[in-house]
Amino acid sequence: MDFFKKLVPVTKKTVLIIDDEEDFCHFVKLNLEETKYFEVLTAYNGPDGIDLAIRYQPDLILLDIIMPNMTGTEVAEALRGNKATKDIPIIFLTAIVKRGEVGSTEYQFGGNFFIFKPVKLDELIHEIGAKIR
Amino acid sequence: MPKLSLRQQIEKNGLLLIAVMMVGIYWAFDYISSGHYLTRTLIAVLVIVYGFFIQTLINSRKAAIEETQRTQKQLAQSEKLAALGAVAAGVAHEVKNPLAIIVQGVEFLKTALRDNARLLDVTERIEKSALRADNIVKGLLSYSREIALKMEEMDIAPVIDEALTFVDHQLRQKRINVKKQYAPGLPKIIMDCDQIKQVFTNLFTNAIEAMPGGGILGIRLEQAGGDNGQASVKVVVSDTGEGIPEDRIRRIFDPFFTTKESERNTGLGLSITKGIIDKHRGAIEIESEPGRGTRVVISLPAGLV
């Protein structure tokens with residue numbers, strides 16, 4: 001399998017992670033890029049994240065919910081309101097909402113999905129793989 | 001009513017007994033020394049009546065002090081319980097983020113150390129401990145938010161009044177007047193008393209925070225008919241505060257949305273409030289206009305749901 005992977009050039013998918021925890025962004029970037037399937041951009045606040053999203057049009061955005069100054073939901077609204085970024089799939093990262101509570105909030109967040117921190121790498125990759133465009 | 005011990009009976013009626021004893025002693029000596037029965041009788045009656053009124057005054061003062069102490073104890077307990085939810089959410093956020101970093105860091109180390117069995121074993125143990133800590137935090141969240149409902153049939157007015165006592169200090173501090181309009185003869189509600197108290201404590205706290213310079217907190221209780229003809233009780237909590245812009249009202253029940261400045265406020269209060277009302281098969285709506293205040297309308301079905 002590895003032999004074929006060497007022959008066929010892999011088209012890397014771009015993932016943008018917007019999270020105020022710099023160390024978390026650092027390790028997610030390391031882990032995803034280690035797989036050789038992803039190129040990861042990082043932003044530590046909402047405005048920078050929106051700027052990167054418009055500029056680089058990533059294939060998926062991992063978006064922390066609770067951030068100072070601009071929350072993840074406000075960032076998501078801004079991205080949905082921009083023609084360049086409105087169709088980029090978003091996965092919310094949350095340390096507070098529990099799995100059982102997602103059902104009542106999915107509609108309010110326009111059907112977006114959640115990853116609950118802390119998250120293991122294989123689960124993270126599985127969720128990204130399922131949602132990425 | 002529990003039977004009082006002899007000591008408690010003497011304490012309760014002490015002054016009256018002393019008055020009676022004094023009258024008896026006075027009567028005995030005076031009877032021996034003179035024959036004025038009418039004067040003696042009048043004095044005796046006056047002393048006994050005086051003793052009776054003083055005793056009643058002391059007893060009612062004692063009862064009032066005990067009631068205040070009981071209420072303050074309940075208030076302290078309820079404040080602790082109400083604070084637990086906010087503390088749990090705050091702790092969860094502050095602890096889960098570092099845990100998430102540890103887990104991601106360990107994942108990278110596992111990949112890097114996959115050829116070294118000993119070091120790989122160490123990193124796997126670290127990962128296991130981090131995930132165990134995560135489960136403990138999840139348990140804390142569960143305790144604070146998924147407490148099973150203990151339903152009982154009761155009047156809602158005393159529950160609301162008790163929630164008011166929890167914010168009494170803040171009302172007085174901010175010079176906020178409370179205007180209550182309770183319709184008579186309201187049907188009883190099947191409810192979890194503690195959770196409904198939490199709902200109204202949260203609403204009162206929001207109203208108080210919207211009126212930093214004082215104002216009026218209005219509470220109206222009335223009977224209403226439900227959609228299916230079932231009777232319900234409507235509670236309207238209103239304030240004369242800053243109001244909420246329309247574009248924010250539609251997100252007011254979002255779990256992480258907050259109109260409050262503090263970045264530590266996780267915005268979970270109203271989402272939890274709505275969750276409790278939903279569990280009671282009720283409804284909650286918010287009407288607000290910037291500069292004119294806010295009205296929160298809660299409807300709870302009466303009787304069996």
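Quick note on labels: first sequence line is chain A, next is B, and so on, each numbered from 1. Any value given below was found using the heavy atoms of this structure, including those in side chains, with hydrogens, waters and symmetry copies removed. As the structure is a computational prediction, the values presented were derived from the model and not from experiment.
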Assess whether a salt bridge exists between A:E127 and A:K131, defined as any Lys/Arg side-chain N lying under 4.0 Å from an Asp/Glu carboxylate O.
yes
Okay, A:L93 and chain B: the region with an atom under 4.5 Å from a heavy atom over there is neither
> Can you check side-chain contact (heavy atoms from CB on, under 4.5 Å) on B:I196 and B:H280, steps first, answer last?
Replying inline: CA-CA 9 Å; B:I196 294 297; B:H280 285 78; 3.8 Å; yes
Bottom line for A:E33: the part with an atom under 4.5 Å from chain B's heavy atoms is neither
Applying a strict 4.5 Å limit to non-hydrogen atoms, the region of B:I102 in contact with chain A is neither
Pair count under 4.5 Å, heavy atoms only, with chain B: among A:L30, A:D23, A:V28, A:V119, highest is A:L30
query = Any cation-pi pair here, A:K13 with A:Y37, using under 6.0 Å and within 45°?
reply = no
- Message: Any salt bridge linking B:D239 with B:R295? Criterion: basic side-chain nitrogen under 4.0 Å from a carboxylate oxygen.
- Response: no
